[in-house]
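Below: the structure, in structure tokens.
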Amino acid sequence: MHAVARRHIAFDLQGYLENRTALINRALDRFLPRENTRPATIHQAMRYSLFAGGKRMRPALCLAAAAACGGQEKLALPLACAVECIHTYSLIHDDLPAMDDDDFRRGKPTNHKVFGEGIAVLAGDALLTQAFQIAIQCRMGTRYSHREIILEIARAAGSLQLIAGQVADLESEGKKIPAARLKYIHERKTSALLCCSVRLGGMSANCSSTQLEALTRFGYNVGLAFQIIDDILDITQTSAQLGKTAGKDTAAQKATYPSIVGLENSRRTATRLTQRAFAALKAFKGNAHALEALAGYLLQRQN
Ligand code: GRG
């Protein structure tokens, strides 16, 4: 067995994920307007993508980070749901014909295929806005205010991070780019929101500055590893396994880690980044089992 996988043998990750996914889904259901709330089309479209069966990795990381800092996971739930809304919005927009033009996401037809492009744009917009409305419902401790929470989310989702990554991604299509440019894209398009997820979990638990710094290093490295694995899966798995169209990166002539440094080198880099993430968890003195198990799983995942 892989050395990284061996570390998590005692932790019931499957049980943990099932339980937290159910918790997150129930909370999302409470936070979102009902399907028949007028105008019903937009609420149906928002719920369609939100409940289409995502892995819920960002909210799970948010809850696990809260626990690692000695906090109550339930207090982090609004923040966990907020990041999942932002993630889902980014997927809906990424799938639009003007972006990646995809027909298949989370094992289902993409939002614009079901509701049309106009409603899909609006469903993404509405989920992004909804995220702030949900986040503000978090009960904060003494160290971090709602202002800091909102700033944290806005920065990760804004034009210097998530959007910057997507812009660079669009502008790099069909071009040969150096590995440093690809890292810039991955840091913004993927790592920023993962990093934000764990930081928010820590902040909801009133974490110390040392803990927040450790979570930042953990999230950054896990985020980069996550995207490299995503690039690898795009060429090694089928569409049915991924629940989205496989081979898209090659078809769109996108620069990926495997296309620049090869498959084996990409796997080694993802493993090295995950080991750095594990090293960051030392700050939690053995109290970050869920975070550790999640990072191990993200490296080994098959979809
Ligand atoms: C704001 C116009 C506009 C677009 C934003 C940033 C962006 C578009 C899209 C990003 C989409 C993307 C492919 C991001 C990379 C991160 C990634 C691999 C997402 C898939 O995450 P998973 O595997 O998905 O966690 P599930 O469906 O399981 O939640």
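What you see is a predicted model, and the numbers here were worked out from it, not measured in a lab. First listed ligand is number 1; within each ligand, the first listed atom is number 1.
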task: Would you mind reporting whether Glu148 and Leu151 have side-chain heavy atoms less than 4.5 Å apart?
output: no
query: Is the distance between the ring centroids of His186 and Tyr257 less than 6.0 Å?
result: yes
- line: Among non-hydrogen protein atoms, atom 13 (C) of ligand 1 lies closest to Asp94 OD2, 3.5 Å
- prompt: To the nearest 0.1 Å, how far is atom 3 (C) of ligand 1 from its closest protein heavy atom, and which atom is that?
  reply: His93 CB, 3.8 Å
- request: Output yes when a side-chain donor or acceptor of Lys189 lies under 3.5 Å from a complementary backbone atom of Gln227, and no otherwise.
  value: no
task: Spell out, as yes or no, whether a donor-acceptor pair under 3.5 Å connects the side chain of Asp95 to the backbone of Phe104.
output: no
query: So which bit of His87 gets within less than 4.0 Å of ligand 1, heavy atoms only: side chain, backbone, both or neither?
result: side chain
- request: Would you check whether Arg106 reaches within less than 4.0 Å of ligand 1, judged by its heavy atoms?
  value: yes
message: Below a 4.0 angstrom heavy-atom separation, can you tell me which part of Ile163, side chain or backbone, both or neither, approaches ligand 1?
response: side chain
- prompt: Relative to the heavy atoms of Thr190, which atoms of ligand 1 are at a distance of less than 4.0 Å?
  reply: 15 (C), 16 (C)
task: Please could you name the atoms of ligand 1 that Gln166 approaches to less than 4.0 Å, counting only its heavy atoms?
output: 6 (C), 7 (C), 8 (C), 9 (C)
- prompt: Can Asp102 and Lys113 be counted as an ion pair, charged N to O under 4.0 angstrom?
  reply: no
field: Per-atom contacts, ligand 1 versus Leu162 - under 4.0 Å to a heavy atom
entry: 6 (C)
field: Identity and distance of the protein heavy atom lying nearest atom 23 (O) of ligand 1
entry: Lys55 NZ, 2.5 Å
message: If the contact criterion is a heavy-atom separation under 4.0 Å, does Arg56 count as touching ligand 1?
response: no
- prompt: So does Lys244 pair up with Asp230, basic N to acidic O under 4.0 Å?
  reply: yes
statement: In ligand 1, the atoms that come under 4.0 Å of a heavy atom of Met99 are 2 (C)
task: Go through ligand 1 atom by atom and flag the ones less than 4.0 Å from a non-hydrogen atom of Lys189.
output: 14 (C), 15 (C)
Nearest-neighbour protein heavy atom for atom 1 (C) of ligand 1, which is reported as residue plus atom name and distance: Tyr89 OH, 2.7 Å
query: In the protein, which heavy atom is nearest to atom 10 (C) of ligand 1, and how far is it?
result: Ser90 OG, 3.9 Å
query: Going by the order shown, which atoms of ligand 1 are within less than 4.0 Å of some heavy atom of Gln227?
result: 15 (C), 16 (C), 18 (C)
Quiz item: cation-pi between Arg106 and Phe51, 6.0 Å / 45°: no
message: Salt bridge or not between Arg34 and Asp29? Use side-chain N to carboxylate O under 4.0 Å.
response: yes
query: Ile149 versus Cys138: any side-chain heavy-atom pair under 4.5 Å?
result: no
message: Nearest non-hydrogen contact with atom 17 (C) of ligand 1 belongs to which option: Arg105, Arg58, Met57?
response: Arg58
task: Please check if the side chain of Arg105 supplies one atom and the backbone of Gly243 the other of a donor-acceptor pair under 3.5 Å.
output: no
